[in-house]
Amino acid sequence: MIEEILLKALKAIGIEADYVEVVVPKHESLGDVSTPAAMLYAKKLKKNPSVIADSIITAINAPDVFDTIEKAGAGFINFRFKLSYLYGQLLKLYTEGSGYLRPNIGKGQKIQIEFVSANPTGPLHLGHGRGAALGAAVANLLSAAGYCVEREFYVNDAGRQVRLLGESVFARYKEITGTPYNFPEDGYRGDYVDELARDTHAAYGDKFSQSEFAVASEFFIAYAYKQMLEEIKNDLADFGVEFDRWQSEKELFTDGTITKTIEKFRDKGLIYEQDMDNICEKNRKYGNFKESIIEKGVAVWFKATELGDEKDRVLMKSDGQYTYFASDIAYHVLKLNRGFDGLINVWGADHHGYIPRIRAVIKAAGHDENKLTVLLVQMVMLLRGGVPVQMSKRAGEYVTLRDVVKEVGKDITRFIFLTRRPDSQLEFDMEAVKQDSPDNPVYYIQYAYARINSVFEKAEKRQISLSFDNTTDLSGLSSPEELSLIKKLIFYPAAFQTAVRTRQPHMITFYLQELAGLFHPFYYKHRILDEEAQLTRARLMLCACVKIVIGEGLSILGVSAPDKM
RNA sequence: GCCCUCUUAGCUCAGUAGGAUAGAGCACAUGAUUCCUAAUCAUGGGGCCACAGGUUCAAAUCCUGUAGAGGGCACCA
C-alpha cells in the first residue's frame with residue numbers, strides 16, 4: 001500500500017522502479033515508516049539526495065494516508081500516518097480477514113515442495129523434524145500466498161539402503177530361528193530392527209528359516225521398509241505434517257521412467273559411454289580416487305559439465321546397475337513434466353554439493369534452472385543440559401523425533417525449528433527448552449491468543465457484541481500502546497510478503513513475537529471491559545484483530561492457537 | 001588439495017533488496033497483582049557484529065584475504 005504510493009510518486013518524477021524500500025524506523029520518534037529512496041537514486045540522477053527527497057515529497061499524493069511527511073538525516077523521507085488511515089486499515093483487516101492478510105502473490109502458480117524424504121530404514125530423527133517443520137511451514141506460507149502447492153515425500157524404496165534394512169531384519173530373524181546368518185557389515189542395528197524380526201517370526205514362524213537371503217530378500221525388504229514407512233507416516237502425522245503425494249523411487253524403475261529419461265537425454269547428445277581407464281586418470285587428479293571400488297567395464301555418463309556442474313556424472317555403473325543419480329534425474333524430470341512452475345527441495349545441508357548436478361538436469365530437460373529452489377537445512381545438535389547427546393546411527397542409538405516430541409511437545413519443537421534460519425546450525429537443548437517452558441516464546445504468543453479469548457468469553461457473558469463494522473467508533477484508540485499495536489497489525493502483510501519472497505517462515509515467527517510483545521503491555525496497562533461502552537468496543541475490536549493475526553501466523557507455522565491455557 | 005555454509009551481548013538467536021544511535025529472548029539485578037489469565041508488566045547493566053584490507057555518500061550486510069566451526073568432493077546411497 002505504502003509501496004504503491006511511493007512507486008507512483010517516483011514515476012511522477014521520472015523514475016521507473018518495481019520496488020522501493022519501505023522500512024519501519026528503528027526509533028519511533030523518527031516516524032511510522034520511512035524510505036531511503038532519495039539516497040538510492042541520488043547517484044543515478046546525479047542530484048543531491050535532499051533535492052530528490054523534496055521532489056518525491058511533492059509528488060506524493062496521498063492526503064488521506066499521511067499526516068506528516070518529513071525529510072530527515074542524510075536523505076530519508078519519514079512518514080506519519082493519519083489516525084483515520086490507521087483506523088480504516090484496522091477495519092479492513094477485521095472485515096476482509098485473509099483477503100487482507102494474504103496478498104495474492106502466487107496467482108495460482110503451481111509449486112511442488114518435496115521434503116523430509118527420509119530413507120524408510122529407521123525412525124525419523126530430529127534433523128528430519130527440522131526439515132519437516134520447515135517444509136510444512138513453507139508449504140503453508142506459499143499456499144496462503146495464492147500458490148497452488150503440492151507436498152511430496154520421495155520414498156527411497158529402491159536400492160542399497162532398503163536392501164540393507166531387509167537383510168538386517170533377515171539376519172535377526174535367522175537368529176531367532178536358530179539358523180545363524182552373518183549380520184551385514186553396514187547393517188541397521190536399532191531395536192526397531194529386532195522388533196521387525198520378531199514380528200516377522202510371530203506372523204510367519206519358521207517359514208524362512210532355511211531360506212537364503214537371495215530367495216527371501218524380496219519379502220524381507222518389502223516387509224521391512226513398508227513397516228518403517230508406516231512408522232514414518234505416523235510420526236509425521238503426530239508432528240502435524242501431512243503430504244499430498246508419496247512418490248516411490250522403485251516405481252521409476254519399473255514403469256520405465258528412468259530408461260525413457262536417459263534415452264531422451266541421449267537424443268540431446270548429453271549421454272556417452274566410457275570405460276574406466278580414462279576415468280582413472282581423471283579421478284587421480286582429485287586425489288580421492290579409490291581404485292578398489294571400481295570394476296572394469298563401460299559405464300554410462302551424463303554430460304553434467306556442459307550444464308554447469310564440475311564433473312560429469314555416472315548414470316549406469318559398469319556392472320549394469322543404475323546409480324542413485326539416475327533415479328534422481330528421472331524423478332526431477334518427472335516433476336517438471338507434471339507441469340509445476342516451480343520446484344522446492346528441502347535438503348539436509350550435507351547434500352549441498354548435489355545442487356549443481358540437479359540444476360544441470362533441469363537445464364538438460366529444457367527448463368529454466370531457476371525453477372528449482374533448494375532450501376538447505378543445517379544439522380541439529382541435540383543437547384541435554386548443555387551436554388551433547390551421543391548418537392550413533394550405526395549402532396542404532398539415537399534420539400528420535402518421536403522421543404523429542406513426546407518429551408517437549410509438538411508446538412515447542414516446531415516453534416524452535418522455525419525460530420532459526422534454516423541454514424544455520426541449531427542447538428536443541430532438551431533441558432533448557434523444558435526448563436524455560438513457562439517463559440517459552442511459544443507460550444508468550446499463545447498466551448496472548450488465549451488471553452484475548454478469555455476476555456471475549458467475559459464480554460459475551462456481559463452481552464457485549466463482538467461483531468464490528470464501519471460504524472464501530474475507534475477514535476478511543478489513542479494511547480501509544482494501542483497505536484503501536486495497530487501499526488504492527490497492519491504491517492503483517494508486508495512481513496508476510498518478505499517471508500514468501502525469501503521462502504523463510506521464521507520471519508513470521510519473529511513478527512508474532514513482536515506482536516505479542518506489544519499486546520501484553522497493552523493488556524497490562526489498559527482495561528478492556530470496564531471502560532465506557534464505546535472504548536470497550538474499540539478495544540475489543542483491536543483484540544479481535546490481534547487474535548486474527550496471531551491465529552493466521554501460528555497456522556502458517558503449524559503451531560496450535562489454544563483458546564485456554 | 002579443491003569447493004560450499006557459518007562466526008553478532010555471558011547463553012540461544014534475529015537483523016534476507018547496503019541506510020539513521022546494533023535488536024529480542026534467556027540468565028542476572030530491582031520493582032509491580034484488592035482489577036478482564038502474573039505463562040504478564042516496568043526499570044537496569046551488558047557489543048572491536050571473528051580478524052585485516054577494499055568498494056560506497058553510507059557496510060553486521062557486498063568483494064578479497066586470514067583464523068576458527070560444520071559440511072561436501074566415488075562407476076556410494
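Excluded from the calculations below are hydrogen atoms, water molecules and symmetry mates; all remaining heavy atoms, backbone and side chain alike, are included.
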The side chain of A:Asp350 is closest to which nucleotide in this list: B:C75, B:G71, B:A17? B:G71
B:A74 phosphate, OP1 or OP2: any side-chain N/O from A:Lys317 under 4.0 angstrom? no
Mind checking if A:Ala450 touches a base, just sugar-phosphate, or nothing, with heavy atoms under 4.0 Å? base
Side chains of A:Glu481 and A:His526: do they bring a donor and an acceptor to under 3.5 Å? yes
Identify which nucleotide among B:A38, B:C73, B:U5 has an atom closest to any side-chain atom of A:Arg451, counting heavy atoms from C-beta outward. B:A38
When you compare the side chain of A:Ile358 with that of A:Trp347, does any pair of heavy atoms fall below 4.5 Å? yes
A:Tyr511 and A:Tyr492 aromatic ring geometry - parallel, tilted or perpendicular at 30°/60° bounds: perpendicular
Let me check something: any side-chain donor-acceptor pairs from residues 372-380 of chain A under 3.5 Å, sequence neighbours excluded? List them with distances.
none

Whole-Å gap separating P (B:U21) and NZ (A:Lys26): 8 Å
Spacing of the C1' atoms in B:C63 and B:U55 (rounded, Å): 7 Å
Is A:Ser424 close enough to B:A14 that one of its side-chain N or O atoms is under 4.0 Å from OP1 or OP2 there? yes
Nucleotide opposite B:C26 in a Watson-Crick or G-U pair, distances under 3.5 Å: B:G10
Heavy-atom donor-acceptor pair, A:Glu427 side-chain to B:U12 base, under 3.5 Å: no
Of the candidate nucleotides B:A42, B:C75, B:U12, which contains the atom at the shortest distance from the side chain of A:Arg420? B:U12
Could you let me know what B:U5 is paired to, Watson-Crick or G-U wobble, both distances under 3.5 Å, or none if it's on its own? B:A69
B:A17 base to A:Asp18 side chain: any donor-acceptor pair below 3.5 Å? no
Given B:C57, is OP1 or OP2 found less than 4.0 Å from the side-chain N or O atoms of A:Tyr41? no
Measure CD/A:Gln321 against P/B:A74 and give the value in whole Å, please. 20 Å
Judged by each residue's nearest nucleotide on RNA chain B, which is more toward the 5′ side, A:Thr502 or A:Gly73? A:Thr502
Once you apply a heavy-atom cut-off of 4.0 Å, does A:Tyr354 come out as touching a base, just sugar-phosphate, or nothing? base
Shorter than 3.5 Å, N or O on both sides, protein versus nucleotides 25-34 of chain B: list them out with atom names.
| unit_1 | atom_1 | unit_2 | atom_2 | d |
| --- | --- | --- | --- | --- |
| B:A32 | N3 | A:Tyr524 | OH | 3.2 |

In whole angstrom, give the distance that lies between atom CD1 of A:Ile271 and atom C1' of B:C75. 14 Å
Can you check whether A:Lys43 has a side-chain N or O nearer than 4.0 Å to OP1 or OP2 of B:A58? no
Using the side-chain hydrogen bond (donor to acceptor under 3.5 Å, both in side chains) criterion, which residues pair with A:Asp530? Sequence neighbours excluded. A:Arg462, A:Arg527
Should we count NZ of A:Lys250 as having more than 12 external heavy atoms under 6.0 Å? no
Side chains of A:His506 and A:Thr419: do they bring a donor and an acceptor to under 3.5 Å? no
With heavy atoms under 4.0 Å as the rule, sort A:Asp309 into base, sugar-phosphate or nothing. nothing
Test for a donor-acceptor pair under 3.5 Å between the base of B:G71 and the side chain of A:His352, counting only N and O atoms. yes
Considering only the C1' atoms, how many Å lie between B:C28 and B:U66, rounded to the nearest integer? 36 Å
Name the residue closer to the 5' end of RNA chain B, choosing between A:His526 and A:Tyr324 according to the nucleotide with the nearest heavy atom. A:His526
Cation-pi check, A:Lys547 onto A:Tyr449 ring (under 6.0 Å, within 45° of axis): yes
Are the ring of A:Tyr19 and the base ring of B:A17 both nearer than 5.5 Å at their centres and tilted by less than 30°? yes
With a 4.0 Å cutoff (strictly under), does any side-chain N or O of A:Arg421 reach OP1 or OP2 of B:G15? yes
CD1/A:Ile412 to CZ/A:Arg414 distance, rounded to the nearest 0.5 angstrom? 14.0 Å
Would you indicate which nucleotide in B:C75, B:U21, B:C73 comes nearest to any side-chain atom of A:Lys311? B:C73
Candidate nucleotides B:U16, B:A74, B:A77, ranked by approach to the side chain of A:Thr323 - the nearest: B:A77
